[in-house]
Protein chains: 2
Amino acid sequence: MVQDSIQVLQAQGYKVTKPRRQVLEILDRAQRPLSPYDIQRLLRQQGKYLNHVTIYRILDLFYSLNLAHKLLSTGGFVKCTLPSEEGCHRFMVCHRCGAIQEFVDPQLCLQESKSTRNLGFHTEYHFSESSGLCSNCYRKQLQKQGNAQP
Amino acid sequence: MVQDSIQVLQAQGYKVTKPRRQVLEILDRAQRPLSPYDIQRLLRQQGKYLNHVTIYRILDLFYSLNLAHKLLSTGGFVKCTLPSEEGCHRFMVCHRCGAIQEFVDPQLCLQESKSTRNLGFHTEYHFSESSGLCSNCYRKQLQKQGNAQP
DNA sequence: AACTAAATGCAATAATGTTGCAATTAGCTC
DNA sequence: GAGCTAATTGCAACATTATTGCATTTAGTT
């Protein structure tokens, strides 16, 4: 929810400005990663204008407050959908429709840390993204294949 | 080794050109991710000149042949250090000295796939990078802390 | 309503990527 | 080793993305 993010801003002493609300709403509605310029374009379609510098700065802020994440594989930003930081946030990205889903998995974190420790590395954070098909696109794929082999 | 990559190029019917050799050598020597322009700068320091477009194209080729990987957290390219593709290649990145280490872990792949499958996702590939300290930097860190508390 | 620090807009610039086409070259054949 | 040709590179122009300093505006307060 947008409201939650607004409360975080207030709690941390940041102003709740119109541009910040607008970016929050855009991110909240979009179910895919957006670049700063994506956001600018989407806003323009609604007749709203934000300088791209402003958007960069807002995204930096959101990122630093963990209100948004930067997807590595696409480079775009997504609104964090998890209540609080319970460790490393992971993503699944559907390479067909672009849908994303955020999740945490403490077990995986442990395993990853163990695995890298064995190689002499002291891990502090994991970046993890899985690429594949969401259930919708997977079903469609199966149907298409099914029709192709009568 | 550079030689291995050259053999892959030949085996796939690609020409072994001077620019390709030069980029291979730069990547091989660098123990950190390099952007196309990084590579151009490094070559220039050796009195060699490559058009940046050429470097982009060479990196695209190397990437498509799995001779190089693109690190997501930094955006730079690194030469693949593993013999062949035995699944998803993972990276540890030292955020202090920039050193990287590549590894595979089939067990982790399995766990990740299972984890995402439980969420209705059909994973085909994992992007995984761990950020932390390499053993060298970790030791230095400990020493510094040790000195600070007499 | 007035005040002030924080935030935004603006302008200029830097850095990074991309495209089409002409010139060059690696690897082949003779 | 000379000549051939498709593959590769260089060039030029352009598009996109990102950064900086400073003037202007605004949210939250008094």
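Letters go in sequence order (proteins before strands), and every chain restarts at 1. Remember, it's a predicted structure, so these values are computed and weren't measured experimentally.
The separation between B/Asp60 atom CG and D/dT8 atom P is 13 Å, rounded to whole Å. Between A/Lys70 atom NZ and D/dA18 atom P the separation is 6 Å, expressed in whole Å. Per the geometry, CZ belonging to B/Phe77 stands 12 Å off C1' belonging to C/dT16, to the nearest Å. The distance from atom NZ of B/Lys48 to atom P of D/dG10 is 13 Å, rounded to the nearest whole Å. If you measure from atom CD1 of A/Ile6 to atom P of C/dA7, you get 15 Å, rounded to the nearest angstrom. In this structure, the CZ atom of B/Phe62 is 11 Å from the P atom of D/dT8, given to the nearest Å. Following rounding to the nearest Å, B/Gln7 (CD) and C/dG27 (P) show an atom-to-atom distance of 13 Å. C/dT8 atom C1' lies 12 Å from atom CD of A/Gln22, rounded to whole Å.
For A/Gln141 and B/His122, the side-chain atoms include no donor-acceptor pair closer than 3.5 Å. With 3.5 Å as the limit, one finds a donor-acceptor pair spanning the side chains of A/Glu102 and A/His89.
A salt bridge is defined here as a Lys NZ or Arg NE, NH1 or NH2 lying under 4.0 Å from an Asp or Glu carboxylate O, and B/Arg21 with B/Glu25 fails to meet this definition. In summary, A/Asp60 and A/Arg57 do not engage in a salt bridge, as defined by a charged side-chain N under 4.0 Å from a carboxylate O.
For B/Arg57 and C/dG17, a side-chain-to-base donor-acceptor distance below 3.5 Å is absent, hydrogens and geometry of angles not being considered. Side chain A/Tyr14 to base D/dA27: no donor-acceptor pair is found below 3.5 Å. A donor and an acceptor atom never sit less than 3.5 Å apart when one is taken from the side chain of B/His52 and the other from the base of D/dT9.
Closest to the side chain of B/Thr17, out of D/dT9, D/dA13, C/dG9, is D/dT9. Taking the side chain of A/Asn51 as heavy atoms from C-beta on, and the options C/dC10, D/dT8, D/dT9, the nearest nucleotide is C/dC10. Among the nucleotides C/dT8, D/dC11, D/dT19, the one closest to any side-chain atom of A/Tyr56 is D/dT19. With D/dA18, D/dT19, C/dA7 as the candidates, the nucleotide lying closest to the side chain of A/Lys15 is C/dA7.
Place B/Gly75 and A/Ile55 on DNA chain C by their nearest nucleotides, and A/Ile55 ends up nearer the 5' end. Both A/Val16 and B/Thr54 lie near DNA chain D, and the one whose nearest nucleotide falls closer to the 5' end is B/Thr54. With the nearest nucleotide of DNA chain C identified for both A/Leu61 and A/Tyr49, A/Leu61 has the one nearer the 5' end.
Regarding contacts with the backbone of D/dT8, a side-chain N or O of B/Arg20 is found under 4.0 angstrom from either OP1 or OP2.
The neighbour count for B/Phe103 CZ, taken as heavy atoms of other residues, nucleotides or ligands under 6.0 Å away, is above 12.
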